[in-house]
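Attaching a single structure in structure tokens format; questions to follow.
Along the sequence shown, the residues carry numbers beginning at 1.
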Amino acid sequence: MTAEPAHVLHSSDQVDESQEHAARYEARLDPEALLLCGLMWVDAAPTGDVATVLNYLDATDFRKPAHGEIFKLMRAQMSEGGLITPAALAGRMAANAMNLPSDVYMPLLVAIAGLGALPSQVVHYADQVLAESYRRNFASMATYLTQVAREAPEGDLFSLMVEQGTAQRAAWKRRCGLLTAVHQPAHNEEEDTNE
């Protein structure tokens, strides 16, 4: 395989992050990029753990919007019974299936495809993506509650906190559910074998 790109800049870097931070971005250390890479090298229509990951995660779990867009495209391909290989994705992208200009998505797709992640690593990277998403969600809740503490009527404070706590409990349950969802099919096969 050719040398891996040291730095991958994304269109969202220019919008979401400072230029300095974007210059330091290292795709080989980003579980989002590695997850997408591992998914791209599945050589048949997604099944098993790969299908579970594609069904379980959501584009909003990705910090970088461009990564979320690629993930949405992969889910669309899977729902149509198509491949999620780099060439298949490039074809869909060329047909304007993504909200990114071609001079952005093609280099991005090539860079991600060359990161060296394997399909066997998909569950591991998906778990990392979900963990980071949960932490961002938690941080957003803390920011929201800080604002509420300053601005909301006193009588509403407790109910707003309970509402956020309920949402966080659901988010935590979802966070913990990925590995259960991945291992559930194997568990069911063992039960069938033991009967």
Side-chain angles (χ1 to χ4, degrees), residues 4-40 46 49-75 78 84 98-100 108 111-112 115-152 156-184:
E4 298 170 356
H7 298 284
V8 180
L9 298 181
H10 299 269
S11 62
S12 60
D13 291 332
Q14 297 166 1
V15 177
D16 298 339
E17 302 165 1
S18 71
Q19 297 255 348
E20 180 183 342
H21 181 74
R24 291 180 302 171
Y25 174 72
E26 178 56 74
R28 290 176 295 186
L29 301 178
D30 185 351
E32 290 184 6
L34 293 166
L35 169 60
L36 294 174
C37 177
L39 288 169
M40 283 181 198
D49 291 351
V50 171
T52 300
V53 165
L54 284 165
N55 284 319
Y56 198 91
L57 264 62
D58 187 79
T60 59
D61 289 320
F62 291 80
R63 178 176 43 89
K64 292 188 170 293
H67 291 167
E69 287 294 317
I70 292 172
F71 187 79
K72 280 197 304 195
L73 192 56
M74 289 177 165
R75 284 181 70 163
M78 181 181 71
I84 56 173
M98 258 182 96
N99 298 325
L100 290 173
L108 174 59
I112 289 175
L115 291 175
L118 303 171
S120 61
Q121 300 167 329
V122 161
V123 171
H124 173 76
Y125 291 129
D127 191 54
Q128 280 188 273
V129 167
L130 197 56
E132 290 181 9
S133 176
Y134 175 73
R135 284 192 175 274
R136 285 192 306 276
N137 184 301
F138 201 87
S140 294
M141 179 198 68
T143 301
Y144 171 77
L145 288 176
T146 299
Q147 182 178 357
V148 162
R150 286 192 307 263
E151 300 172 8
D156 294 344
L157 292 177
F158 184 76
S159 62
L160 290 168
M161 182 182 70
V162 169
E163 180 182 286
Q164 290 298 306
T166 301
Q168 279 308 116
R169 185 179 301 126
W172 176 245
K173 185 176 179 180
R174 179 174 177 265
R175 161 67 189 106
C176 296
L178 173 63
L179 296 181
T180 301
V182 166
H183 294 115
Q184 194 65 40

Contacts of Thr60 meeting side-chain hydrogen bond (donor to acceptor under 3.5 Å, both in side chains) (sequence neighbours excluded), chain-then-number -> Asp58
In terms of side-chain geometry, is the basic nitrogen of Arg135 or Glu132 positioned less than 4.0 Å from the acidic oxygen of its partner?
no
Looking at residues at least two apart in the chain, or sitting in another chain, which of them share a ring pair (Phe, Tyr, Trp, His ring centres under 6.0 Å) with Tyr125?
none
Atom of Leu57, atom of Arg75 and distance for their closest heavy-atom approach
O-NH1, 2.6 Å
Is the side chain of Gln121 donor-acceptor paired with the backbone N or O of Leu118 at a distance under 3.5 Å, no angle test?
yes
Could you report the tightest heavy-atom contact between Ile84 and Leu39, atom names first, then the distance?
CD1-O, 3.3 Å
A side-chain contact here means heavy atoms from C-beta on lying under 4.5 Å apart; do Met141 and Leu145 qualify?
yes
Where the side chain of Arg136 meets the backbone of Asp61, is there a donor-acceptor pair that is under 3.5 Å apart?
yes
Any donor-acceptor pair under 3.5 Å from Glu32 side chain to Lys64 backbone
yes
Among residues at least two apart in sequence or on other chains, which ones pass side-chain hydrogen bond (donor to acceptor under 3.5 Å, both in side chains) with Asp127?
Arg175
From the options Leu35, Leu36, Leu34, Asp30, select the one residue that forms a side chain to side chain contact (heavy atoms under 4.5 Å, CB included) with Ile112.
Leu36
How close do Ala117 and Gly38 get, counting heavy atoms only, and between which atoms?
CB-N, 3.7 Å
Closest non-hydrogen atom pair, Arg174 against Leu130
NH1-CD1, 3.3 Å
Main-chain N/O of Ala152 paired with Asp156 side-chain donor or acceptor, under 3.5 Å
no
Is there a side-chain contact between Thr52 and Val123, using heavy atoms and a 4.5 Å cut-off?
no
Measure up the Phe71 and Phe62 rings against each other and bin them: parallel (under 30°), tilted (30 to 60°), perpendicular (over 60°).
tilted
